[in-house]
Amino acid sequence: MKRNVYIIGLLLFLFAFSCKNKPTQTDGTSSDAKDLFVLFEENPNQKTFFSDKKGVIGQNGMVASAHPEASKVGVEIMKMGGNAIDAAVATHFALAVVFPFAGNLGGGGFAVIRDKNGKAYTLDFREKAPLKANRDMYLDAKGDVIQGLSLLGHLASGVPGAVDGMVEIHKKFGKLSWEKVLQPAIDLAENGVVLTEREALGLNNNKQTFKKINGENTPYFMNPDNRDWIKGDWLVQKDLGKTLRSIQQKGRNGFYEGEVANLLVKEMKKGGGIISHEDLKKYHSAWREPISADYKHYKIITMPPSSSGGVALVQLLRSVEQYPLRKWGFNSDSTVQVMIEAERRVYADRAKWLGDMDYVKVPMKELMSRDYLKKRWSDFNFAKATDSKVIDGGAVPGYESNETTHYSVVDKEGNAVSITTTLNGGYGSKVVVSGGGFLMNNEMDDFSIKAGVPNMFGLIGNKANEIQPEKRMLSSMTPTIVEKDGKFFMAIGTPGGSTIITSVYQTILNVIEHGMTMQQAVNALKFHHQWLPDRTVYEPNAFTEKTLNALKSRGYIIDAQKGTLGRMDCIMLRPDGTLEGASDPRADNTSVGY
Ligand code: GLY
């Protein structure tokens, strides 16, 4: 009898143990053993999330972007019969109108597309250095950096790639006519858009700089009543409407040739810029072989150089693959420690190896290989933080930026698009093309303007990223699509300069390892390390006192960040076949589904 009680007890214990460890899917059903998709359990001692914003659920399609109007435009295009690519193009042009902070015609970016048949594509529509650019163009006679020259004003701009990029993806995949996908942006420019509080503030904060760069009497982004903007004001952009009409009627030639090109070149000449008609004519975006790399039983489809984002993301994920992050828990000291150490090593590689592959040889395969990463890990010691100086040296000022923008789109057929695009800084170089109504980028600062000197994100570069005519400057943008068991799973991306890569990395791990929903993973508090400066920044409350103390005792320098990290716009396919749109609660970002 006593023996039977023992056996029953043992069986009950084993049953309870197996239930406890069985992964559970978000819909509450248990999943098979190889499925890592588990429900996230919050640590009661830790503020895990920035907010408790809920994801948006859609049956047929989803657009997640930085602005509600732009997301609405994308969904309307899908309702008209357009696919995810049509919707992405319409969203891009709408963002150029409603979100001049980062949405753009005068910038560039990267597109990752997975079509409904599972074939992946990436388009590099990053800006290029003008033909007249040269390695030392931002240095004075003594070889010192002329402060601000690569950031503000006409000389800071690369040749814009965004319009060509949109034309290319529409030509290859679009279902609706070009005229139709352009129309919503034209309507928003000509009829006006209602400013959110954040946008009103952004325009007010930059008013003096707009005047300084564009002339005291510039009409652009000035309130017609000669006062500061407030939430609810209408922003009407007639010149931008005309430029969009030109693009609508003539496609790429409506921007890179003819009247708009004349205006752009005239503007450059006026302010000492060097972009010429020849630069515009010669600009073409490039289809590139996507990075397609496994992480556990997921496939990471992401951007090769000229963005460093894809290589770095795969390196980061594979560096921590060996560790039981789920068991250790979200933002526990061990989890954070190995993630920081991976970041330290990967950003050091970025500085050394990464640049435009059309100009330099980037050993992509080697950098992402597990053998290489294992070697990079050989000096890691749990007892003590690795010193970045041992990996390489230097000290640089702070970094923080959310001045890029990302949008994700998925349609009912299963086409998925993940695009990150930027002017670089907020409102780019602050140059508005007179008569054209659009802002120019200050992307030249993403080059290594002098070896070893940090750019606006504190990122250091070397020869691989030095300026050459027609070369693309290295980016951190990381538009990514994740497949699970051969099917679309997530479209992910964010702005954030150098922090883009780490935010995408953490968001993916939040879902895959910690079992968060897409929105929880976006809401989750984040941290960042980039090799140099040798310190970790974190969003307030991201770490418990216990985690902080443990990390500090091992020699980590850790600073609470005043601002926030990331402005994610992501979409996930849920186990029940619906889509979860997850837009960041840290700004105006909004998902719209149908
Ligand atoms: N301009 C920011 C980046 O491309 O990473």
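Counting convention: from 1, in listed order, for ligands and their atoms alike.
Taking the six-membered ring for Trp and thresholds of 30 and 60 degrees, Phe221 and Tyr427 have ring planes inclined between 30 and 60 degrees apart. Ring orientation note: the planes of Phe489 and Tyr298 are tilted relative to one another, at an angle of 30° to 60°. Using a 30° and 60° split on the angle between ring planes, Tyr283 and Tyr256 fall in the parallel class, below 30°.
Residue Ser476 has at least one N or O atom closer than 3.5 Å to an N or O atom of ligand 1. Below 3.5 Å of separation, one finds an N or O of Arg126 facing an N or O of ligand 1.
Within ligand 1, the atoms closer than 4.0 Å to a non-hydrogen atom of Met477 are 4 (O), 5 (O), numbered from 1 in the order shown. Near Asp446, meaning under 4.0 Å from any of its heavy atoms, are these atoms of ligand 1: 1 (N), 2 (C), 3 (C), 4 (O), 5 (O). The contact set between ligand 1 and Asn424, taken as ligand atoms under 4.0 Å from a residue heavy atom, comprises 1 (N), 2 (C).
Scanning all protein heavy atoms for the shortest distance to atom 4 (O) of ligand 1 gives Ser475 OG, 2.7 Å.
Salt bridge present: Arg318 and Asp294 bring a charged side-chain N and a carboxylate O closer than 4.0 Å.
Of the listed residues (Ile275, Ile274, Val433), just one forms a side-chain contact (heavy atoms from CB on, under 4.5 Å) with Met268, and that residue is Ile275.
Side-chain contact between Leu264 and Met440 is present, with at least one heavy-atom pair separated by less than 4.5 Å.
Taking 4.0 Å as the cut-off, Glu443 counts as a neighbour of ligand 1 on heavy-atom distance.
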